[in-house]
Every structure is written in C-alpha cells, then in structure tokens.
Amino acid sequence: MTYNVEELFQRQIHAWPQLAKGLEGLAQAKTRSVRIDWFDIFIRHIPHRMASTTAPVDRESVAKRPCFLCAGNLPPEEEGLQFDDNFTIYCNPFPIVDRHLTIAHREHGSQRIANQFGNMLDLAAGLEGYFIVYNGPECGASAPDHMHFQAGSRSLFPIEKDTAGLTRLTVPNYARNVFLFRDRDRSALIDRMDRAIDLLAETTSKRPEPMVNIAVFHARGEWVTYLFPRGKHRPQVFHTGELTVSPASIDLCGIFVVPKAEHFERITGDAIAAIFREVTLSDDRFREVAAKLESER
C-alpha cells in the first residue's frame, strides 16, 4: 500500500496544482525545536495552515458550507486511492508533515471514533512508516461533519522517540496528559480503547463522545497508540489573539503548528507547555481514569 501511495503522490504532484503549491509551502516551512523538561517540541511555521487553524467548526458554520471531503465536492484534479470498501486515501494539499494524507469515509457522516478504531489500526498496519491520527469533532477536525483520519510520514514523529521503550499506561512529566497503549492483539487493543473512551465519557459527562485526539502507528508487529483526552478545544491565547494556535493530534505528538510568522518567532517552550496543560484533560480527572484502567489491566 505504501508503494501505491507514493505513486499517487507522484501523479497528483503533476496533475493537481494545489497539491504542488502545498508541497512547496511545506518545503519552505521554518521549523525550530525547543526543549521542555526532557523532551523536544518542533515548532513549525506553515502559513497555508491558517485556514485550518482558525476554521469555525460550530454547527451553523459547518452547515453553511459544502463538505470538502465528499467525493462529489472534490476538485476535478484530485484523485483518491481506495484503501478498502469504506475509506479512500487522498493527498492533503495543506501538509504539515511529509506525505500528509487525508483518509475519508465514502459516506458523509459525523466524525466519531465509535466502531472506527479498528479501521484506524488497519490503516496503521497497511501504511508502513506512517502514523495515523484522529481528531475529534471538537478537537481539531476542520470537517466534523465527515468521518476521516489523517496520516503522515514518521520521518518526524517526536512522540515515538519520546516514548520508545516505555510500557506504562501514562507518560510522566510530559506537559500533556496522554494514555499509551501497546499491543499485538488487534481485538484486545480495540476493547481497551473502547473502555478508555467510555470511562472518559463517564468522567467528563461528554456524550456521545468525549473530547479526544488519537494517534497510532504499527511497527515490528505491534500497534502503539496514543490517546489524548481533552479538556477544551482551543487555548485562551487563541481567543485573545495573542497566539494563533489550535492544537490537534499532530501538535500533541510534538510538531506544533504556528501559521503566523510573528507568533512563530516569539512562542516559547513554556508557552507551549502551558497550552498543552490547558487543552488536555485536567490532572485530577486524568488520574481518576488512569486508576480505573490500571485496575482492569
């Protein structure tokens, strides 16, 4: 499948000017790293991410625009690669990382992880060298009305390095609260994720789905999954205009997108750590859910 994706990219680069422009924008993006405690965050200035970073995702705004993930609304030059009966892989024309993909469901329907996590695992297993992410409808998905995943090359995927060899459920002193699941058993991992989602929904009183971001990759026969429970969608600095940032899965995995040049130059590691703490689930609620998951291991 990875070979087929690479062929898709090569065809689309020549046939779809918007993608070629996006890849040129990524090539010109500025990236700098900051050290926070024991780990690094890679801050990336990509002007073409402004629309996604600031996208209105309230129900009224979404209802006013055509769905840009429905096949009938795609640009005529855009070509997809069928993954299975339900999902089609597309090149993302506004990339954050190398080989950035959007993987859309064939039917228009709400962004919900329920009954879809198994598909996420299958994508991870089928796309060697890639990570797969899910952004909840209130946690960074700019198309909350259409089920989709994103994917990208793991050539830069800081959280993988940060958690290498770690087998515990949580990552200590990481500025953001995240659950870490490793398993070779697909069914067992699905059950564990379903249980974690249910506990988060119960703890936060947020149904049908708690606010979450998820990332997963597959390597050496094992799936590695990161579940970020959220406390809020956007940080206060976004609403005040101090910093135009709106963290989603890729940001939480260590590639922090800042579309405005002046904000890219002045944002600090301390500011990012504060944003992570603000938007992920509070420590007390996180510990409550972690304790329940640990007791069931």
Side-chain angles (χ1 to χ4, degrees), residues 57 83 86-87 92 96-97 100-105 109-127 130-144 146-152 154 157-160 162-163 166 169-171 174 176-183 185-201 203-204 206-219 222-233 246-257 276 279-281 285-286 289-290 293:
V57 291
F83 178 77
N86 291 315
F87 285 92
N92 192 315
I96 298 172
V97 295
H100 195 156
L101 305 172
T102 299
I103 304 165
H105 199 282
S110 297
Q111 180 82 334
R112 292 281 183 269
I113 197 60
N115 302 315
Q116 298 291 351
F117 183 61
N119 292 318
M120 195 175 183
L121 297 180
D122 294 340
L123 283 161
L127 291 171
Y130 280 73
F131 63 83
I132 315 296
V133 298
Y134 168 82
N135 292 323
E138 299 175 75
C139 308
S142 50
H146 195 124
M147 180 62 209
H148 67 285
F149 301 108
Q150 294 182 55
R154 290 190 356 251
F157 191 54
I159 198 169
E160 179 180 359
D162 296 342
T163 58
L166 190 66
L169 178 63
T170 61
V171 185
Y174 202 44
R176 72 220 93 152
N177 285 324
V178 56
F179 295 113
L180 169 61
F181 305 115
R182 297 179 183 272
D183 216 309
D185 185 325
R186 180 180 181 275
S187 295
L189 186 52
I190 291 171
D191 289 345
R192 195 141 173 78
M193 177 61 74
D194 287 348
R195 179 57 177 153
I197 294 288
D198 189 55
L199 284 172
L200 286 168
T203 299
T204 61
K206 190 79 174 174
R207 294 187 184 276
E209 177 174 303
M211 296 174 68
V212 294
N213 296 100
I214 305 171
V216 61
F217 71 91
H218 186 267
E222 178 183 62
W223 283 281
V224 181
T225 303
Y226 306 97
L227 170 61
F228 300 92
R230 296 290 291 261
K232 63 192 298 189
H233 178 198
S246 184
S249 294
I250 293 178
D251 307 78
L252 291 166
C253 288
I255 305 170
F256 198 87
V257 176
F276 280 165
V279 301
T280 54
L281 193 64
R285 288 186 166 187
F286 180 75
V289 174
L293 289 172

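Given the structure is predicted, the values throughout are model-derived calculations rather than measurements.
Side-chain contact between F131 and I159: absent, with no pair of heavy atoms (C-beta onward) separated by less than 4.5 Å. The shortest distance between side-chain heavy atoms of V178 and L252 does not fall below 4.5 Å. Side-chain atoms of F87 and D122, non-hydrogen and from C-beta on, never get closer than 4.5 Å to each other. Looking at L127 and I103, their side chains come closer than 4.5 Å, going by heavy atoms from C-beta outward. Two residues are said to be in side-chain contact when any heavy atoms from C-beta on lie closer than 4.5 Å; F117 and L189 meet this criterion. In this structure the side chain of H100 reaches within 4.5 angstrom of the side chain of I250, judged on heavy atoms. Residues R230 and T204 are not in side-chain contact: their nearest non-hydrogen atoms beyond the backbone lie 4.5 Å or more apart. Side-chain contact between V212 and C139 is absent, with no heavy-atom pair separated by less than 4.5 Å.
Contact record, M147 with S110: CB-O, 3.9 Å, taken as the closest heavy-atom pair. Here the closest non-hydrogen pair linking A215 and C253 is CB-SG, 3.6 Å. Closest of all the heavy-atom pairs between M120 and I214 is CE-O, 3.5 Å. For the pair Q111 and A141, the tightest heavy-atom approach, listed with the atom from each and the gap, is NE2-CB, 4.1 Å.
For D194, the side chain to side chain contact (heavy atoms under 4.5 Å, CB included) partners are I190, not counting sequence neighbours. Under the rule for a ring pair (Phe, Tyr, Trp, His ring centres under 6.0 Å), Y226 has no partner lying at least two apart in sequence or in another chain. Checked against side chain to side chain contact (heavy atoms under 4.5 Å, CB included), H218 has the following partners two or more places apart in sequence or in another chain: A124, A125, W223. In this structure H233 satisfies the side chain to side chain contact (heavy atoms under 4.5 Å, CB included) test together with V57, M211, S246, sequence neighbours excluded. Partners of R112 under the salt bridge (charged side-chain N to carboxylate O under 4.0 Å, His left out) rule, at least two apart in sequence or in another chain, do not exist in this structure. The side chain to side chain contact (heavy atoms under 4.5 Å, CB included) search around T170 returns R168, F179, F286, A290, not counting sequence neighbours.
Using modelled atom types, no side-chain atom of N213 and backbone atom of A248 make a donor-acceptor pair closer than 3.5 Å. With hydrogens and angles ignored, the 3.5 Å screen pairs a side-chain donor or acceptor of S249 with a backbone N or O of Y134. For E222 (side chain) and R182 (main-chain N/O), no donor-acceptor pair under 3.5 Å exists by modelled atom type. Although no hydrogens or angles enter the test, the distance criterion places no donor-acceptor pair under 3.5 Å between the side chain of E138 and the main chain of K232. In this structure, the side chain of R176 does not engage the main chain of F228 through any donor-acceptor pair within 3.5 Å. Of the possible polar contacts, one joining the H146 side chain to the H105 backbone as a donor-acceptor pair under 3.5 Å is found. Between the side chain of N177 and the backbone N or O of L281, at least one donor-acceptor pair lies under 3.5 Å.
Atoms CG and OH, from L123 and Y130 in turn, are 12.0 Å apart once rounded to the nearest 0.5 Å. Taken to the nearest 0.5 Å, the CG atom of L169 stands 7.5 Å off from the CG atom of L180. Residue I197 holds its CD1 atom at 11.0 Å from CZ of R207, rounded to the nearest 0.5 Å. In this structure, the separation between CE on M193 and CG on D183 is 11.0 Å, given to the nearest 0.5 Å.
Between F149 and the options N135, I113, V133, V216, a side-chain contact (heavy atoms from CB on, under 4.5 Å) holds for only I113.
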